[in-house]
Asks: 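Submitted below is the structure of interest, expressed as C-alpha cells.
For clarity, every value in this text was computed on a predicted model and none was experimentally measured.
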Amino acid sequence: MLRVFLVLALLPVTAAAQGLQVAFAGLDNTADQPVEIAADSMSINQDDGIATLTGNVVVGQGDMRMAAQRILIIYTQDGGVSRFEATGGVTVVTPEEEVEAASATYNLDEDTMLLSGDVLLSQGQSAVSAERMRVNMDDGTALLEGRVRTVLQPNSE
C-alpha cells in the first residue's frame, strides 16, 4: 500500500520539457507488510469516509517512515483506501534516501504520488529540489517541476 516510499535509489537524470525526469531503481513492494500509524489524535468520519490523524503523525511500513503534522486517509465506498493526503512538514525516509515537502498526496487508485512545496530529494551526497515531484509507481519514474535544482556527486570508486 505505501510502497511508493520504499527504496528511492537515485539513478541517471535526464532533462524533460516540463522539468527533470528522475529514474528510480526498484520500488520494493511491501504491500504485504503491516502499516503502523502513530499520532497525537485520530478522528474517523463514517459519513464521508475520511480518517484524520493529527499531531506528530508517523506512518511506517517495512523500512519506510513518513512523518507529517496531519494525514488524511480517504476510503473508498467498499472500505479500501483511495488516497493519503499529508501536510505540515512531510518527511519520507528510507535506508537510502530522504524526501521532504510541504505536502504529499498518494493516490492508490492511480498508483501515483504528488509531493509539492519545496521538495527536496536526497541520497547520500546527491540532492534534487523542485516545487513539485510527480512519482509514477508503475514505471518507477518521477518528474520534478518548477525551478529544478540539483547537486550530483561523482561516483568515486
Asks: Measuring from E100:CD to L115:CG, what's the distance to the nearest 0.5 Å?
Replies: 11.0 Å

Asks: Taking side chain to side chain donor-acceptor pair (under 3.5 Å) as the definition, give me every residue that meets it alongside T52, ordered by chain and number, with sequence neighbours left out.
Replies: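 T52 satisfies side chain to side chain donor-acceptor pair (under 3.5 Å) with no residue once adjacent residues are dropped.
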
Asks: Testing the 3.5 Å rule here: is there a donor-acceptor pair between the side chains of T76 and S82?
Replies: no

Asks: Please list, chain by chain and in numerical order, all residues satisfying salt bridge (Lys or Arg N to Asp or Glu O under 4.0 Å) with R83, sequence neighbours excluded.
Replies: E85

Asks: Under the rule for side chain to side chain donor-acceptor pair (under 3.5 Å), what residues qualify as partners of S43, not counting sequence neighbours?
Replies: none

Asks: Cluster partners of I50, using ILVMFWY side-chain heavy atoms under 4.5 angstrom, listed by chain and number?
Replies: L72, I74

Asks: Applying side chain to side chain donor-acceptor pair (under 3.5 Å), can you list everything that pairs with T54, at least two apart in sequence or on another chain?
Replies: S41

Asks: In Å and rounded to the nearest 0.5 Å, what is the CD to CG distance from E131 to L144?
Replies: 11.0 Å

Asks: Can Y106 be reached from V81 by stepping across I, L, V, M, F, W or Y side chains whose heavy atoms are under 4.5 Å apart?
Replies: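 The answer is yes; both residues are in one hydrophobic cluster.
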
Asks: Could you tell me whether the side chains of T112 and N107 share a donor-acceptor contact shorter than 3.5 Å?
Replies: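 On atom types as modelled, these side chains do not qualify, holding no pair under 3.5 Å.
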
Asks: Taking the side chain as C-beta and beyond, is there a heavy-atom pair between R65 and V59 under 4.5 Å?
Replies: no

Asks: State which residues pass side chain to side chain donor-acceptor pair (under 3.5 Å) with R70; sequence neighbours excluded, sorted by chain then number.
Replies: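 Partners of R70 by the side chain to side chain donor-acceptor pair (under 3.5 Å) criterion come out as none, since no residue qualifies.
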
